[in-house]
Amino acid sequence: MSPLHSYSILLSVLTTIFIQSSTTSSQSHLCRTSCGDIPINYPFGIDEGCGSPYYRHMLICSDNNTKLELRTPSGKYPVKSISYSDPHLLVSDPYMWNCQDRDNFRPTRSFSIDSSTHFTVSPQNDYLFFNCDSEKVIVEPKPLFCERFPDRCDSSCDSSSYLCRHLPECGSALGSRVSCCSYYPKATQSLRLMLQNCATYTSVYWRSTGAENAPYDQFPEYGIRVDFEFPVTTKCLLCQDTTKGGGVCGFDTRTQNFLCLCKQGNVTTHCNDTNLVKHKRIGAVAGTVTAVSAAGAIGVGGGVFWYLRKVRAKAPVTCGVQSNENRIF
């Protein structure tokens, strides 16, 4: 084998070592804590291995870290806000009716949440349906209808709804040609059936003002409230404890087992664990590489280079003819 070929192999080996080698990255620093002006805290994460695996790939941050979206079976929806004290997200649906549409109804789609996830559509949402087919949908003033047909009360769409008479932000947006009624679908299929028989719909969420005179501290706002579970574990609490290093709760992207993400690496307990180095996992979390250090790579490369020079010095001159005596590999 020619020296040029040997040097090529050496260069390839060193390149591979340098690509795969670095000091352990701080995984906790790789977890973004906001998207736009929306804080991203546990149990959510917008980077691989951050937060709880329950919500893996559910939130997407795009447009240079300015646009947060919720991914559901029916599409991606902009997230307007996240509350961690009262666990919920408020999302908007661009396909829903809004004040600017007035009586120009656009094609819409039904919002849905995967029932196998830890998200649920909040019962605090009110759905308004417009121009429903009266032959297929029971459109009646609910109080009177429920008095007459108590067994069918839940199946009626309330035409006397307060929200139909006081549309948020645009009370007089609907003309006389538009009918409105309020109905809460108990399942995604119910919502789809309603939309098959109504021109369009919108969702209104009752937002709390934080005043003390509940229940009169709420006002209507367009959007869909999506509640979420807060899976707090003793491991996560121990990891977040500032007296024990104040780590970030995350998970192994291969096994989805819990990991405490620290500045100096990843551990299964807390950041002040004296055995932190022993707990480091190669490639356990996206963006974290634990392998041979750069200094080690240089040492290995230097050793190989010294060996090649030594072999070349001892090799007999054969004018380019390779024999068993001068073969390097």
Side-chain angles (χ1 to χ4, degrees), residues 25-100 106 108-127 168-169 188 191 201-210 219-232 236 240 247-251 253 256 259 261 285-288:
S25 300
S26 167
Q27 178 60 37
S28 60
H29 286 178
L30 295 176
C31 296
R32 285 173 285 176
T33 57
S34 66
C35 181
D37 59 355
I38 300 177
I40 305 298
N41 301 327
Y42 186 84
F44 296 122
I46 51 178
D47 299 293
E48 266 289 63
C50 303
S52 168
Y54 288 169
Y55 301 105
R56 187 180 187 182
H57 301 151
M58 300 294 285
L59 291 180
I60 309 164
C61 186
S62 58
D63 291 358
N64 294 321
N65 203 47
T66 60
K67 182 180 181 181
L68 185 65
E69 293 178 300
L70 172 67
R71 190 202 307 262
T72 80
S74 55
K76 293 187 292 185
Y77 300 87
V79 177
K80 300 169 67 175
S81 63
I82 300 178
S83 172
Y84 296 94
S85 57
D86 177 20
H88 73 271
L89 293 80
L90 186 62
V91 304
S92 61
D93 183 354
Y95 289 89
M96 282 185 174
W97 179 90
N98 59 57
C99 293
Q100 288 70 37
R106 297 173 290 115
T108 188
R109 61 184 178 183
S110 59
F111 177 83
S112 66
I113 286 287
D114 187 349
S115 59
S116 67
T117 67
H118 295 263
F119 285 118
T120 55
V121 178
S122 173
Q124 295 186 37
N125 296 312
D126 274 333
Y127 295 94
E169 304 172 13
T188 300
L191 180 56
Y201 83 122
T202 193
S203 173
V204 176
Y205 153 61
W206 289 91
R207 188 183 189 89
S208 175
T209 62
F219 65 93
E221 180 179 329
Y222 291 105
I224 307 170
R225 171 172 167 147
V226 178
D227 296 334
F228 64 88
E229 296 178 17
F230 213 113
V232 177
C236 182
Q240 293 176 329
V248 175
C249 299
F251 59 93
T253 56
Q256 297 198 24
L259 281 180
L261 314 180
V285 184
T288 301

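Just so we're clear, the structure is a prediction, and the values are computed from it rather than from any experiment.
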ask   = Is there a side-chain contact between N125 and Y205 (heavy atoms, below 4.5 Å)?
value = yes
query = Do F228 and P43 touch side chain to side chain, with heavy atoms closer than 4.5 Å?
reply = yes
message = Would you call the rings of Y54 and H118 parallel, tilted or perpendicular, taking 30° and 60° as the class edges?
response = parallel
remark   = For W97 and T202, the nearest pair of non-hydrogen atoms, with its separation, is O-OG1, 3.0 Å
ask   = Quick one: side-chain hydrogen bond (donor to acceptor under 3.5 Å, both in side chains) partners of N65, sequence neighbours excluded?
value = R32
query = Under 30°, 30 to 60°, or over 60°: which ring-plane class applies to Y84 and F230, parallel, tilted or perpendicular?
reply = perpendicular
query = Nearest heavy-atom pair of Y77 and S110: which atoms, and what distance?
reply = OH-O, 4.2 Å
query = Are any side-chain N or O atoms of T253 and backbone N or O atoms of G49, one a donor and one an acceptor, separated by less than 3.5 Å?
reply = no
request  = Would you name the heavy atoms of F111 and V121 that are closest together and state the gap between them?
outcome  = CE2-CG2, 3.9 Å
ask   = To the nearest 0.5 Å, how far apart are CG in N98 and CG in D93?
value = 10.5 Å
query = Which value, rounded to the nearest 0.5 Å, describes the distance between N41 atom CG and T33 atom OG1?
reply = 7.5 Å
ask   = Under the salt bridge (charged side-chain N to carboxylate O under 4.0 Å, His left out) test, which residues partner K67, sequence neighbours left out?
value = E69
query = Which heavy-atom pair separates R109 from K76 by the least distance, and what is that distance?
reply = NH2-O, 3.7 Å
request  = Would you please name every residue forming a side-chain hydrogen bond (donor to acceptor under 3.5 Å, both in side chains) with S203, sequence neighbours left out?
outcome  = none
query = Can F251 and S52 be said to form a side chain to side chain contact (heavy atoms under 4.5 Å, CB included), step by step?
reply = CA-CA 7 Å; F251 59 93; S52 168; 6.0 Å; no
ask   = Roughly how far, to the nearest 0.5 Å, is the SG atom of C61 from the CZ atom of F44?
value = 14.0 Å
4.5 Å side-chain heavy-atom contact, L59 and L70 = yes
query = Is a side-chain N or O of Y222 found less than 3.5 angstrom from the main chain of P168, in a donor-acceptor match?
reply = yes
I38 vs I82 side-chain heavy atoms within contact, under 4.5 Å = yes
message = A quick test of your reading: do over 12 heavy atoms of other residues, nucleotides or ligands sit less than 6.0 Å from CG of D86?
response = yes
ask   = At what distance, to the nearest 0.5 angstrom, does NZ of K80 lie from CG of L89?
value = 12.5 Å
query = Under 3.5 Å, is there a donor-acceptor pair between the side chain of S112 and the main chain of P73?
reply = no
key: Any Y55 side-chain heavy atom under 4.5 Å of P231 side chain   = yes
task = Please list, chain by chain and in numerical order, all residues satisfying salt bridge (charged side-chain N to carboxylate O under 4.0 Å, His left out) with D227, sequence neighbours excluded.
result = R225
task = Calculate, to the nearest 0.5 Å, the distance between atoms OG1 and CD belonging to T120 and E229 respectively.
result = 7.5 Å
inquiry  = If you define the side chain from C-beta out and look only at heavy atoms, does anything of V226 sit under 4.5 Å from T72?
reply    = no
Exercise: identify the closest heavy-atom pair between Y95 and T108 = O-OG1, 3.2 Å
query = Which residues satisfy the side-chain hydrogen bond (donor to acceptor under 3.5 Å, both in side chains) test with S116, sequence neighbours excluded?
reply = D114
message = Holding to side-chain hydrogen bond (donor to acceptor under 3.5 Å, both in side chains), I want the full list of residues that pass it with D126, two or more places apart in sequence or in another chain.
response = W206
inquiry  = Which heavy atom of C35 sits nearest to which heavy atom of I46, and what is that distance?
reply    = CB-CD1, 4.2 Å
Non-hydrogen side-chain atoms of E48 and R56 separated by less than 4.5 Å = yes
ask   = Measuring from E221:CD to E169:CD, what's the distance to the nearest 0.5 Å?
value = 7.5 Å
